[in-house]
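Read the numbers this way: they start at 1 and go in the same order the structure lists the ligands and their atoms.
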Amino acid sequence: MNLFELGKNVILVLEEHGHQAYFVGGFVRDVLLDRPIQDIDICTSALPDEVITLFEHVIPTGIQHGTVTVMIEGAPIEVTTFRTEEGYLDHRRPSSVSFVTSLKEDLLRRDFSMNAMAMDKDRNIYDYFQGSEALENKVITTVGQAFERFSEDALRIMRAIRFSAQLGFTISEDVIHSMIHFRESLELVAIERTAAEWMKIMDSPYPNQAIHYLIQTKIHQEVYPFRCIARQLELVQKFSLSGLEPIERWGLLLTAEEQDMDGAYSFLASLTLTKKMKNQVLLLVENLLRYPTITLLQDLSAFELYHLGVENTFHLIRINHLKTNGTLPNLSKQVVQEGIMKLPLKKETGLALKGHEMALYLQKEPGKWIGETIESLIRAVLEGKVSNNQEELLQYLTNLVKLEDENE
Ligand code: ATP
Ligand code: MG
């Protein structure tokens, strides 16, 4: 069953028990835009306790805010009781919520017109705040006065910027003015939440759009953690980031101003990236700083290509080429792969002479020298000085040791 049908079943059950229930928020927006659906949000007049009794498998995910998650065929469906929000403290989330009985009142608390529409099970749209018009004009406008909405919750500033990057929408003038007015309040929002929006921007189809708004609102200079990379954000604007993989966007951004790696590293440290992603970014940054002039596959020595491998080589060349020429090179991962396949030594098979064999042959205690010797032999094989077979490697090793002894 598709997600719509699953949600519809939840709505049917709620209605059968005398409650109102609608699809709402991002789900309705994405259906109208024909975008892939990530998650289903349903709003209802039923109280959380009532929802819990109506379905077999319910998780009380945010019950104090009226939200429970109904699991249907393994899919999580968020069901939230119609509510309003009060007592926004320090421009952050509300301190209390009250349940209400009307759909319109629930929609009124939502951030943007495009996010404040509801849809019933027969796909009729309930649009009290010009949401369809906003979608048609590809513009981000608030429900009610922008000034008030950003005063309540400064995270909405980041959400506006993130949606502009995901949808390619512009942000309306009055919204931008209010974003500028409340930009400092963004620092009161938990850093993880700001970071989560930034991560979505980095994965979005139009990251330049977001950077444009960060600069226009001067968030990039005034607000932590963006101010760590203010100059970098300005510098990357001359490149189109859309054609880059997310990891490449990170590499380009963080090395845009090589004089300011401290700022780049602080920015990276302030975010909640997975360890894997962080290591990937750091490795790419390291490669970019080490090989800033490599813009073609032929620029790399066999030894460098061997150590970098397909992915790192591909990203390194693309970013350097973009920085130097303003365009992406005509290079595919397959071409890099073929270049690596042609090397006289493959990472998978490795050297035909193993460390313990060297120790035995030279009658030397194993130690740090083994790693160093392996590197020398790898280099020699890749430079064509010796073939990768055991006999020749042993011969080469003997000469190497002799030379070292002579030099001592
Ligand atoms: P996506 O799921 O793609 O991130 P979304 O619009 O569905 O986008 P959610 O965070 O899932 O965003 O929130 C669901 C709905 O809740 C939104 O569409 C909006 O109506 C409302 N909402 C979420 N966060 C806020 C907020 N900070 N202020 C006001 N309304 C909000
Ligand atoms: Mg959502």
Cut-off 3.5 Å, side chains only: do [X] and [Y] have a donor facing an acceptor?
| X | Y | value |
| --- | --- | --- |
| Q334 | E338 | yes |
| T324 | T295 | no |
| H220 | E234 | yes |

Show the protein residues that qualify under the rule heavy atom under 4.0 Å from an atom of ligand 1, listing them in chain and number order. G25, G26, R29, D39, D41, R109, R110, D111, N115, D153, R156, R159, R162, F163, K200
Decide yes or no on salt bridge (Lys or Arg N to Asp or Glu O under 4.0 Å) for E304 and R379, but give the supporting numbers first. CA-CA 9 Å; E304 289 163 343; R379 188 186 281 275; over 6 Å; no
Nearest N/O/S atom of D39 with respect to the Mg ion (ligand 2), by atom name, please. OD1
In this structure, is the centre-to-centre distance between the rings of Y22 and Y126 below 6.0 Å? yes
F4/F23 aromatic ring centres below 6.0 Å: yes
